**Q** 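I have a structure I would like to understand better, so I am pasting it below and will then ask my questions one at a time.
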Amino acid sequence: MTETLPSEITLSARGSCPFDPPPEVTEQAKARPITPIRFPDGHIGQLITNYTLARAVLADPRFSARQELRHIPIPNRLADGEMGPADPGMFIRMDPPQHTRYRRLLTGQFTVRHMNLLVPRIERITAEHLDAMAEQGPPADLVKAFALPIPSLVICELLGVPYSDREVFQQHTSTMLRLDSTSQEVYGAIGKVNEYLDGLVEAKKASPAEDLLSGLITGGELNQEELVTIGFLLLVAGHETTANMLGLGSFALLSNPAQLAALRADPTLVDGAVEELLRYLSIIQIGIQRTALEDVDLDGHHFKKGDGVLISVPAANRDPERFEHPEQLNITRPNTGHLAFGHGVHQCLGQQLARIEMRVGYRALFERFPDLRLAIPADEVPMRSDMAIYGVHRLPVMWEEVRQ
Ligand code: HEM
């Protein structure tokens with residue numbers, strides 16, 4: 001029996017290359033498309049490492065995203081004990097038709113027109129942070145100077161947080177998301193962020209502007225609690241993810257000089273570079289969780305009603321049947337079709353915004369600092385192996401030349 005015991009869901013260290021999935025995930029993926037796995041609450045479910053099966057599960061309504069059916073608490077340390085149904089507005093943990101209602105309302109706020117309106121503001125925010133970094137001089141921590149503050153300010157733009165409140169808002173959100181905060185500090189910061197969002201919604205009701213919360217308020221379909229929860233969801237879903245892609249993506253480019261040289265020579269390659277970095281890095285390292293609502297037979301695999309299913313995004317995005325030489329970072333790879341933003345009804349709502357932030361961010365960074373390089377050996381960069389969202393804790397960089 002001991003030999004067949006399923007492995008546990010753990011966040012484990014990477015192998016020799018910090019951009020590759022943990023070796024045991026790669027081993028499991030090589031051996032079979034699906035493996036029994038023990039969830040943190042003791043439940044034995046299934047780990048999916050195959051691209052085709054991962055997509056099939058994510059597109060299948062017989063697999064639920066409902067919060068009360070989950071076997072992993074969310075997000076890591078933000079929930080305790082038994083989980084009830086998701087709060088009104090927390091639609092990432094709901095199934096249709098509840099999910100559909102919120103998603104429809106939100107999609108109207110994430111249109112190409114809305115996102116294009118944000119481009120000049122994102123360019124300005126990025127340029128201001130790179131200016132400040134240049135002014136301070138080398139070395140700099142790219143996480144602190146660039147990767148963390150930009151997504152945070154972009155969410156402020158999206159939600160319509162006034163300039164005068166941004167410092168306080170950023171302070172609470174960073175305490176909430178920082179690894180070295182105690183649980184007491186995290187819970188305190190969650191309270192403060194929600195309190196702030198509550199006041200912000202009230203203020204937008206009194207004088208709506210051109211931002212997402214005002215748009216949702218004007219639509220008239222959501223109550224105060226739902227509006228606050230949606231603001232909180234966008235913040236949590238959009239901040240840490242994009243920040244880690246900016247930090248880890250910069251590290252990956254700096255560690256692959258030929259790829260970076262190609263991007264520098266032809267900055268129009270940035271769109272492909274962003275897609276490839278999303279695939280190659282797959283920062284949602286713990287995976288996407290679903291629960292079988294009934295007995296399901298899919299692609300020759302049987303799932304029992306109640307089975308917890310964990311889709312390993314890093315493994316699916318490195319599946320050699322789907323991607324040629326998946327272990328290589330290749331920014332000119334044709335048509336990636338990666339699963340970094342998920343798939344199916346819950347596919348990332350903010351993906352266009354995240355793409356804009358990364359395209360603007362990487363391009364501006366490597367144009368402004370043409371000889372940017374690591375200030376410490378690559379194997380000394382502290383990695384976020386211990387976090388549900390992978391990335392770097394710090395990224396010390398150097399440069400000599402700055403372009404104005
Ligand atoms: C959903 C990844 C940026 C808002 C998701 C999902 C993934 C994901 C994998 C699917 C979760 C599931 O199926 O359970 C990412 C990555 C990002 C990013 C890798 C950055 C590189 C953003 C941004 C926003 C955002 C910038 C908004 C400001 C959301 C929301 C959902 C979601 C609201 C839930 C959608 C739904 O349930 O219908 N994201 N995300 N994300 N994301 Fe993102």
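Owing to the predicted nature of the structure, the values given are computational and were not obtained by experimental measurement. For ligands, and for the atoms within them, numbers begin at 1 and follow the listed sequence. Nothing fancy with the numbering, it's 1 onward along the sequence.
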**Q** Can you confirm whether Glu380 is buried at CD, in the sense that more than 12 heavy atoms of other residues, nucleotides or ligands lie under 6.0 Å from that atom?
**A**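 Count over threshold, so yes.
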
**Q** Among all protein heavy atoms, pick the one closest to atom 14 (O) of ligand 1 and tell me residue, atom and distance.
**A** Arg290 NH1, 3.2 Å

**Q** Looking only at protein heavy atoms, which one is nearest to atom 6 (C) of ligand 1, and how far off is it?
**A**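 The answer is Phe341 O, 3.8 Å.
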
**Q** Decide whether a cation-pi geometry holds between Arg333 and Phe323; the criteria are a distance under 6.0 Å from NZ or CZ to the six-membered ring centre and an angle within 45° of the ring axis.
**A**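 No - Arg333 does not lie over the ring of Phe323 by the 6.0 Å and 45° rule.
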
**Q** Can you tell me which residue and heavy atom of the protein come closest to atom 19 (C) of ligand 1, and the distance to 0.1 Å?
**A** Ala340 O, 3.7 Å

**Q** Quick test: of every protein heavy atom, which one is nearest to atom 21 (C) of ligand 1, and how far off is it to 0.1 Å?
**A** Met245 CG, 3.5 Å

**Q** Tell me: protein heavy atom nearest atom 23 (C) of ligand 1, and distance?
**A** Gly238 CA, 3.3 Å

**Q** For atom 37 (O) of ligand 1, grab the closest protein heavy atom and report residue, atom and distance to one decimal in Å.
**A** His346 ND1, 2.6 Å

**Q** Within 45 degrees of the ring normal and closer than 6.0 Å to the centroid, is that where the cationic atom of Arg166 sits relative to Phe169?
**A** no

**Q** Heavy-atom distances under 4.0 Å are what count here, so tell me which part of Arg103 touches ligand 1: side chain, backbone, both or neither.
**A**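 Contact part for Arg103 vs ligand 1: side chain (C-beta onward).
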
**Q** Taking 4.0 angstrom as the limit, do Arg279 and Glu275 come out as a salt bridge?
**A** no

**Q** Please state which protein non-hydrogen atom is closest to atom 8 (C) of ligand 1 and give its distance, to 0.1 Å?
**A**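 Answer for atom 8 (C) of ligand 1: Cys348 CB, 3.7 Å.
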
**Q** Would His99 count as a polar contact of ligand 1, with the cut-off being nitrogen or oxygen pairs under 3.5 Å?
**A** yes

**Q** What I want to find out is whether Asp131 reaches Arg368 closely enough, with some N-O distance under 4.0 Å, to be called a salt bridge.
**A**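 Looking at Arg368 together with Asp131, the answer is yes, because their closest N to O distance falls below 4.0 Å.
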
**Q** Can you tell me how far the CZ atom of Arg62 sits from the CD atom of Glu294, to the nearest 0.5 Å?
**A** 5.5 Å

**Q** How far is atom 30 (C) of ligand 1 from the closest protein heavy atom, and which atom is that?
**A** Leu349 CB, 3.9 Å

**Q** Using modelled atom types and a 3.5 Å cut-off, is there a donor and acceptor pairing between side-chain atoms of Gln328 and backbone atoms of His325?
**A**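 No: the side chain of Gln328 does not pair with the backbone of His325.
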
